[in-house]
There are 2 protein chains.
Amino acid sequence: MSTSSSDTPATTRRSGRPRSERARAAILRSAEELLDEEGYTAVTMDAIASRSGASKATLYRWWPNKAAVVMDAYFEHNNPDISFPDTGSLHADLVQQLSAVVHGMNDTVAGHLLARLIADAQYDEGLAESLRGRFISARRADAVAAIERGRARGQLRHGADPEVLVDLLYGALYYRLLVTGQHTGTGYVHTLLGQLGISSPTESG
Amino acid sequence: MSTSSSDTPATTRRSGRPRSERARAAILRSAEELLDEEGYTAVTMDAIASRSGASKATLYRWWPNKAAVVMDAYFEHNNPDISFPDTGSLHADLVQQLSAVVHGMNDTVAGHLLARLIADAQYDEGLAESLRGRFISARRADAVAAIERGRARGQLRHGADPEVLVDLLYGALYYRLLVTGQHTGTGYVHTLLGQLGISSPTESG
DNA sequence: CCCATTTCGAAACTGAACGTTTCGTACGGT
DNA sequence: ACCGTACGAAACGTTCAGTTTCGAAATGGG
């Protein structure tokens with residue numbers, strides 16, 4: 001009943017020429033290279049097509065617009081699905097996660113790219129949902145989980161709301177990235193945690 | 001020495017036809033109307049010129065690009081320079097200020113406009129500086145001043161850093177506006193203040 | 001083996017919008 | 001009167017997104 005009858009839902013092989021994996025990989029690689037070499041604004045669909053050897057028809061056959069290509073290109077080799085180990089300390093868990101984000105923001109290429117993907121998302125709800133779905137909410141979920149673990153261990157003060165704490169922590173980082181342009185770093189992460197009463201092991205035991 | 005000699009620094013009247021105040025006002029009003037009626041993306045330089053009766057040459061004579069025009073248009077009649085009265089309560093002061101921001105974010109026109117100005121600023125450092133100079137930093141300064149007053153009154157816990165608190169508060173709001181797309185409101189403002197230990201007068205006296 | 005189906009690359013095309021330039025004219029100071 | 005600047009009109013060049021057309025290539029089914 002489920003081997004290869006009329007309509008197998010997963011991996012349905014339609015007739016006709018199959019999609020070229022070679023073209024797909026070349027497109028994403030070219031987009032990433034252009035991104036690194038000349039920045040986001042220099043990445044045009046024509047440039048991607050030209051460098052990859054694919055045609056624009058193929059580009060638009062598989063991606064709805066430029067931002068979608070760029071996002072796929074970025075996440076192709078910067079997979080954000082890695083989740084962080086439980087260190088047993090709420091403070092250490094959060095430092096671990098937030099520092100990774102800060103590190104990405106300070107990378108001139110990745111940081112500007114993230115800012116600009118979010119910028120494009122203000123004009124494209126589809127892109128916004130996509131970005132949230134494959135990046136933002138994964139990070140949030142990680143952080144919330146760490147905070148829940150910390151609460152279970154009694155490392156969190158009473159009345160603290162994990163979701164709101166995540167808004168505050170990530171909010172401050174993105175606010176600096178997108179709005180004020182101020183620098184962020186590991187020191188700033190510690191400052192934030194300090195202000196929120198999530199003390200480091202050395203300070204309060 | 002300062003009446004009208006060779007170079008009076010302020011209100012220097014150069015020779016030649018003076019700038020048309022009528023054209024300036026018409027341009028900014030047209031931009032604002034287009035913004036309200038059709039949203040940011042529909043506001044093009046051609047449309048502004050056409051509606052205002054000014055020529056594109058005049059537009060580019062006085063503004064470097066579209067975002068600059070839109071920002072001037074927006075702030076022409078939505079002056080953000082109003083500062084809030086000192087209520088004597090840190091909690092009330094911050095509720096006052098943050099609620100005004102949240103209210104602006106929830107306005108479909110102003111909220112999207114702010115988000116998109118910030119988005120454009122990711123591609124235009126001049127716009128970014130301008131936006132910070134005439135909006136962001138004014139709001140920050142207000143909030144920092146309120147927190148300093150609260151600290152002087154002893155309404156703030158020891159070790160609290162006003163600048164970082166502002167990052168946390170505004171950060172959470174802008175994070176929701178720009179990144180997660182979640183709704184903000186007065187209730188959320190109270191939640192944030194509660195998480196930061198800035199209690200309302202009714203809760204802790 | 002042939003045919004239907006689908007993808008492919010090449011290339012031309014449309015359309016929107018930015019930003020520039022040219023031109024003749026209007027305005028104000030000296 | 002003259003000079004310098006701004007004005008509106010209009011055309012222009014350019015970039016880029018996204019679409020369409022075309023013939024060729026690849027796959028599966030009969």
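No hydrogens, no waters, no symmetry mates; every other heavy atom, side chains included, goes into these values. Below, read A as the first sequence line, B as the second, and so on, with proteins coming before strands; counting in each chain starts at 1.
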#### Entry: Length of the NZ-C1' vector between B:Lys66 and C:dG19, whole Å
13 Å

### Query
Nearest-Å distance, CZ (B:Arg22) to C1' (D:dC7)?
11 Å

### Query
Can you list the steps and then say if A:Asp72 with A:Arg24 is a salt bridge (Lys or Arg N to Asp or Glu O under 4.0 Å)?
CA-CA 10 Å; A:Asp72 273 12; A:Arg24 183 195 143 276; over 6 Å; no

### Query
Which ones in residues 26-42 of chain B lie close to DNA chain D, meaning a heavy atom under 4.0 Å from one of its atoms?
none

### Message
Taking the minimum atom-to-atom distance to the side chain of B:Asp46, which one of C:dA10, D:dA17, C:dC18 wins?
### Response
C:dC18

### Task
Let me know the distance between NZ of B:Lys56 and P of C:dC18, rounded to the nearest Å.
7 Å

### Message
From CG of B:Asn65 over to C1' of D:dT14, roughly how many Å is that when rounded to an integer?
### Response
17 Å

### Task
Between D:dA6, D:dG4, C:dG9, spot the one nearest the side chain of A:Ala23, thanks.
C:dG9

### Query
Taking atom C1' of C:dT20 as reference, at what distance in whole Å does atom CE of B:Met45 sit?
12 Å

### Message
Check the orientation of A:His91 and A:His190. Use parallel for under 30°, tilted for 30 to 60°, and perpendicular for over 60°.
### Response
tilted

### Query
When the distance from CZ of B:Arg24 to P of D:dC7 is rounded to whole Å, what number comes out?
12 Å

### Query
Considering heavy-atom distances to DNA chain C, does A:Thr58 or B:Arg17 have its closest nucleotide positioned more toward the 5' end?
A:Thr58

### Message
Ring centroids only, cut at 6.0 angstrom: are A:Phe135 and A:Phe75 within range, meaning strictly under it?
### Response
yes

### Query
Looking only at N and O atoms, is any donor in the side chain of B:Ser15 or the base of C:dG29 less than 3.5 Å from an acceptor on the other one?
no

### Query
For B:Asn65 and B:Tyr60, what are the C-alpha separation, side-chain angles and deciding distance, and is it a side chain to side chain donor-acceptor pair (under 3.5 Å)?
CA-CA 7 Å; B:Asn65 52 47; B:Tyr60 284 102; over 6 Å; no

### Query
Roughly, in whole Å, what's the span from CZ in B:Arg61 to C1' in C:dT20?
14 Å

### Query
In terms of side-chain heavy atoms, does B:Asp93 have a donor or acceptor partner in B:Thr87 at a distance below 3.5 Å?
yes

### Task
Round to the nearest Å and state the distance from A:Tyr60 atom OH to D:dG18 atom C1'.
5 Å

